[in-house]
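Working notes, structure below.
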There are 2 protein chains.
Amino acid sequence: MEKNQKNERVTEILESAERFIRRGGFNAVSYRDVASDVGIKSSSVHYHFPHKPDLGVAVVERYSEKLLDALGDPSDPNEPVQERIARLGRAYAASLKEDKAICLGCILGAEISGLPQEVSDAVSAFFDRMIDWTELALAGAKGPTADARFILSSLQGAMVLAVTLKKPNHLDQTVRRLVQSLS
Amino acid sequence: MEKNQKNERVTEILESAERFIRRGGFNAVSYRDVASDVGIKSSSVHYHFPHKPDLGVAVVERYSEKLLDALGDPSDPNEPVQERIARLGRAYAASLKEDKAICLGCILGAEISGLPQEVSDAVSAFFDRMIDWTELALAGAKGPTADARFILSSLQGAMVLAVTLKKPNHLDQTVRRLVQSLS
DNA sequence: AAATACCTATCTATCAGTAGATAGATAAGC
DNA sequence: GCTTATCTATCTACTGATAGATAGGTATTT
C-alpha cells in the first residue's frame, strides 16, 4: 500500500515534470512549479529527487519505457515493413495530438549541449533504443529513406515544424512520405 | 563613426546571445552572462534590448538574414534542383560544424510553446521564409521527398540527432539521401 | 565662438522574484 | 524505534529589471 502510494506520488511528479519539459525544455521545469502542480511542497519533491538531474533522468527513463511499450514488437513477422514504420509514425502523431507537445527526446535532444551530463546521457540512451527498435523494424527494407536514423530524425524534425507552424498534419504527411518510399 | 560603434556593440551582444541560445535554448541566455561575455555590464545590455523578448526577436531576425544571405538565390536557372538542395544542406552542415551547435530555428522551434509570444512569432516567420526559399528551389521537382517542409524538417531533425549522438556525419548522410531521391 | 541643451552609451547600486538546495520538525506506518 | 513522506523555514545564488549618475558627442541657440 505505501509502496503504491509512493509510486503514485512519484508518478505524479514525473508526469508533471514531463509536461513542463515538453513545453519549454529542461530549464522550464522547477521544483516549485512541479510541487504546486502536484499539490505538495518543493522540499517534498527534493525528497524523491534530491537534485534536478535526478529528476531529469527519471523523466527520460520513464518516457523511454512508456514509448517502447506502446510501440510493441518491432519484428512481428505477420506485419509488413511499411506497417511497422506507420505504427512508429502513429505513436509520435498520437503523442503530439494528445499532449499537444513535441516528443521529449526532441526537445532534450535539441538542447543537449546545455544539459547536465547525466541527463544528456539518458537522452542519448533513449535515442539509441529508438534506433535499435527502428532498425529491427526495417529488417532489410530497401528504398532511399530506409534508414533508421533518417526515419527517426525526420519524424522528430517533423514534430518541431508541426508545432512551430501549428500544422499538426505535417507530421502525418511526413509519415506517409516515409512509408510510401519504402519497399 | 558613432553609429558603427553602436552597431558593433549590438552585434557583439547578438552574437553572444545566439551562442547561448543555440547551446541551451532561450532560458539559457541571461543578461549577466551575455554582458560578461561581451565585457560590459548587464544594464548596458538592457539599454540596447530593454526586455528579454526584444533580445530574442533581434537574435532570430539577425540569424534569419544571415542564413538567407548565405543561401543566395533559390532559383538560379543554371543550377539543377539537386544542387540547390545540396547547397541548403551544406549551409546547415557548415553551421553545425563551425559553431558546434544546432540551428537556431531548431532549438527555438522545439521550445516554441514556452517562448514569449513575440519570439515565437519571429521563429514562425523564420520558418516561413525558409519554406519559401526551399519551395522556389524545388521548382516542380518530383520524387517522394520533393517537398519543402519535408526537406527542411528532415534537415532540422538530422541536426538534433547529429549532436545528440555526436555523429556529425548523420547530417551529411541525410542531405545525400534527400538529394538522391530528387529528380 | 561660446554656451546651452540634448542624446548616447555606459556605469554603480539596488530591487523583488525565483532558482535549487538543505536542516530540522512532525506525523503516520510497520 | 526505525522508515517514509511530508511539512516549515531558511539559505545563497541568480533572474530580469530599474533608478540615477557620469562622461563624451551632437545639435541648437545666442
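Note on naming: letters A, B, ... go to the chains in the order of the sequence lines (proteins, then strands), and numbering restarts at 1 for each one.
Per the geometry, CZ belonging to A:Phe26 stands 13 Å off P belonging to C:dA19, to the nearest Å. Remark: P of C:dC11 and CZ of B:Arg32 are 14 Å apart, rounded to the nearest angstrom. The distance between atom CZ of B:Phe20 and atom C1' of D:dT15, rounded to the nearest whole Å, is 14 Å. Between the CG atom of B:Asp33 and the P atom of D:dA13 there is a distance of 16 Å, given to the nearest Å. What separates CG of A:Asn27 from P of C:dT18 is a distance of 17 Å, to the nearest Å. Atom CD of B:Glu8 is separated from atom P of C:dT8 by 18 Å (rounded to the nearest Å). As a whole-Å value, the separation of B:Tyr47 OH from D:dG24 C1' is 13 Å. Put simply, NE2 on A:His46 is 15 Å from P on D:dT8, counting in whole angstrom units.
Between the side chain of A:Thr11 and the backbone N or O of A:Asn7, at least one donor-acceptor pair lies under 3.5 Å. Between the side chain of A:Ser44 and the backbone N or O of A:Ile40, no donor-acceptor pair lies under 3.5 Å. The backbone N or O of A:Gly114 sits nowhere less than 3.5 Å from a side-chain atom of B:Arg23 that would complete a donor-acceptor pair.
Using a 4.0 Å heavy-atom distance criterion, A:Val34 is classed as making no nucleic acid contact.
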B:Asp37 and B:Arg19: salt bridge (charged side-chain N to carboxylate O under 4.0 Å, His left out), yes or no, with the steps?
CA-CA 10 Å; B:Asp37 197 25; B:Arg19 280 193 296 273; 3.2 Å; yes
Result block: side-chain N/O donor-acceptor pairs under 3.5 angstrom for residues 95-111 of chain B, not counting sequence neighbours:
residue: B:Ser95; atom: OG; partner: B:Arg22; partner atom: NH2; Å: 2.8
residue: B:Asp99; atom: OD2; partner: B:Arg22; partner atom: NH1; Å: 2.8
residue: B:Asp99; atom: OD2; partner: B:Arg22; partner atom: NH2; Å: 3.3
residue: B:Glu111; atom: OE2; partner: B:Phe26; partner atom: N; Å: 2.5

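Residues B:Ser181 and B:Thr145 have side chains that bring a donor and an acceptor to within less than 3.5 angstrom of each other.
At a non-hydrogen distance threshold of 4.0 Å, A:Ile40, A:Lys41, A:Ser43, A:Ser44 from residues 36-44 of chain A come into contact with DNA chain D. Using a 4.0 Å cutoff on non-hydrogen atoms, no part of residues 51-59 of chain B comes near DNA chain C.
Residue B:His48 has a polar side-chain atom (N or O) positioned under 4.0 Å from OP1 or OP2 of C:dT10. Of the side-chain N and O atoms in A:Tyr31, one or more sit less than 4.0 angstrom from OP1 or OP2 of C:dA21.
With respect to A:Glu83 and A:Arg90, a salt bridge is recorded, a charged nitrogen being found less than 4.0 Å from a carboxylate O. With respect to B:Arg62 and B:Glu65, no salt bridge is recorded, no charged nitrogen being found less than 4.0 Å from a carboxylate O. B:Glu18 and B:Lys66 are joined by a salt bridge, as a carboxylate oxygen and a charged side-chain nitrogen come within less than 4.0 angstrom of each other.
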